[in-house]
Amino acid sequence: MQGLGPLARLFNNMSYEKQRHIMVESQLRSRGIKDERVLDAMEKVPRHLFVETDLADRAYDDCALPIGEGQTISQPYMVALMTELLELKGDEKVLEIGTGSGYQSAVLSLLAAEVYTVERIHSLAIRAKKLLADLEYKNVHALVSDGTLGLQEHSPYDGIIVTAGAPEIPYQYTEQLKINGRLVIPVGSRYSQVLYRIDKTAQGIKKSISTGCVFVPLIGKAGWDEKEIY
Ligand code: SAM
């Protein structure tokens, strides 16, 4: 954007705004995303700022995109679906595992009271933290650590969202959820997973399947072993 005059800048912004609106209508609403708060948040967050500059024009495409370090920003539909499954009303404390670009954190920040997000790759975490601060998503707290262990110090959470594929569900997540809290997590093999929603109730754990999906691996003590992956 540097070097553009105010009118050209305005045009650029309007054009992304329009692309975002089309994304919401044609990729999300038409595929069954119903939560108006989620649709509204996805209409507001400037996804093109969360990808590399040379991919900005593809930011609203119906796919995941690379963000460096072999990682990805998830497909808009997957972000919307996982967020909708959390059923956020606005007063919740949410934990996200896998900050990546920070895009999912920004969406959550408009839907919950506090968002804690954890990333294992230092360079991604630093970049996302700076961008989230620059864009004034003030209720997002970004940390670097092994998210397979959850984030004990700020638990319990109303919602936990895991944006990398786990071989199985780390017990720490259900332990760190409040009663009536929800966990959304892809679980399966290295190359294909099933998206689960886990409800923690006073009576126990209820597990439901949402859809098939493909995520980069959740690597850490209670996830995939890095040596087996690369
Ligand atoms: N939510 C991200 C976004 O909006 O851009 C997309 C995340 S990307 C699909 C998955 C991320 O999970 C990667 O950045 C990866 O480094 C991270 N990850 C993998 N294992 C992790 C772990 N144990 N703890 C924290 N982050 C992890």
Original post:
What pairs meet the salt bridge (charged side-chain N to carboxylate O under 4.0 Å, His left out) rule with one or both residues in residues 172-181, with sequence neighbours excluded?
Top reply: Asp158-Lys178

Original post:
In the hydrophobic clustering that connects Ile, Leu, Val, Met, Phe, Trp and Tyr at side-chain heavy-atom distances below 4.5 Å, which members other than Val144 occupy its cluster, ordered by chain and number?
Top reply: none

**OP:** For residues 89-114, pull every pair meeting ring-ring contact (aromatic ring centres under 6.0 Å, His included), keeping only residues two or more places apart or in separate chains.
**Re:** Phe50-Tyr103

Subject >> Pairs where residues 78-105 contributes a residue and the test salt bridge (charged side-chain N to carboxylate O under 4.0 Å, His left out) is met, not counting sequence neighbours >> reply: Glu87-Arg197

Subject >> Approximate separation, where rounding is to 0.5 Å, of Leu65 CG and Arg58 CZ >> reply: 5.5 Å

Original post:
Who are the ring pair (Phe, Tyr, Trp, His ring centres under 6.0 Å) partners of Tyr77, not counting sequence neighbours?
Top reply: none

Subject >> Common cluster, Leu88/Leu151, ILVMFWY with side-chain heavy-atom separation under 4.5 Å >> reply: no

**OP:** Could you go through the salt bridge (charged side-chain N to carboxylate O under 4.0 Å, His left out) check for Arg127 and Glu52 one step at a time?
**Re:** CA-CA 11 Å; Arg127 194 171 69 195; Glu52 303 286 350; 3.4 Å; yes

**OP:** Could you note down all residue pairs passing salt bridge (charged side-chain N to carboxylate O under 4.0 Å, His left out) where residues 204-222 supplies at least one of them, sequence neighbours left out?
**Re:** none

**OP:** Please name all residues satisfying side chain to side chain donor-acceptor pair (under 3.5 Å) with Asp62, sequence neighbours left out, ordered by chain then number.
**Re:** Arg31, Gln75

Original post:
If you measure from OG on Ser109 to CD on Glu136, what distance do you get to the nearest 0.5 Å?
Top reply: 11.0 Å

Original post:
Pairs in or reaching into residues 138-169: which pass ring-ring contact (aromatic ring centres under 6.0 Å, His included), with residues at least two apart or in two chains?
Top reply: Tyr116-His141, Tyr116-His154

Original post:
If you measure only the distance, is there a donor-acceptor pair under 3.5 Å linking the side chains of Thr83 and Gln104?
Top reply: yes

Original post:
If you measure only the distance, is there a donor-acceptor pair under 3.5 Å linking the side chains of Tyr60 and Arg47?
Top reply: no

Subject >> Residue pairs, two or more places apart or on separate chains, that pass ring-ring contact (aromatic ring centres under 6.0 Å, His included) and touch residues 163-206 >> reply: none

**OP:** Please list, chain by chain and in numerical order, all residues satisfying salt bridge (charged side-chain N to carboxylate O under 4.0 Å, His left out) with Glu25, sequence neighbours excluded.
**Re:** Arg29

Subject >> Partner set under side chain to side chain donor-acceptor pair (under 3.5 Å) for Ser123, not counting sequence neighbours >> reply: Glu69

Original post:
Which distance, rounded to the nearest 0.5 Å, do you find between the CG of Asp199 and the CD1 of Ile179?
Top reply: 11.5 Å

**OP:** Please identify each residue that fulfils side-chain contact (heavy atoms from CB on, under 4.5 Å) with Ala166, with sequence neighbours left out.
**Re:** Ile185, Leu218

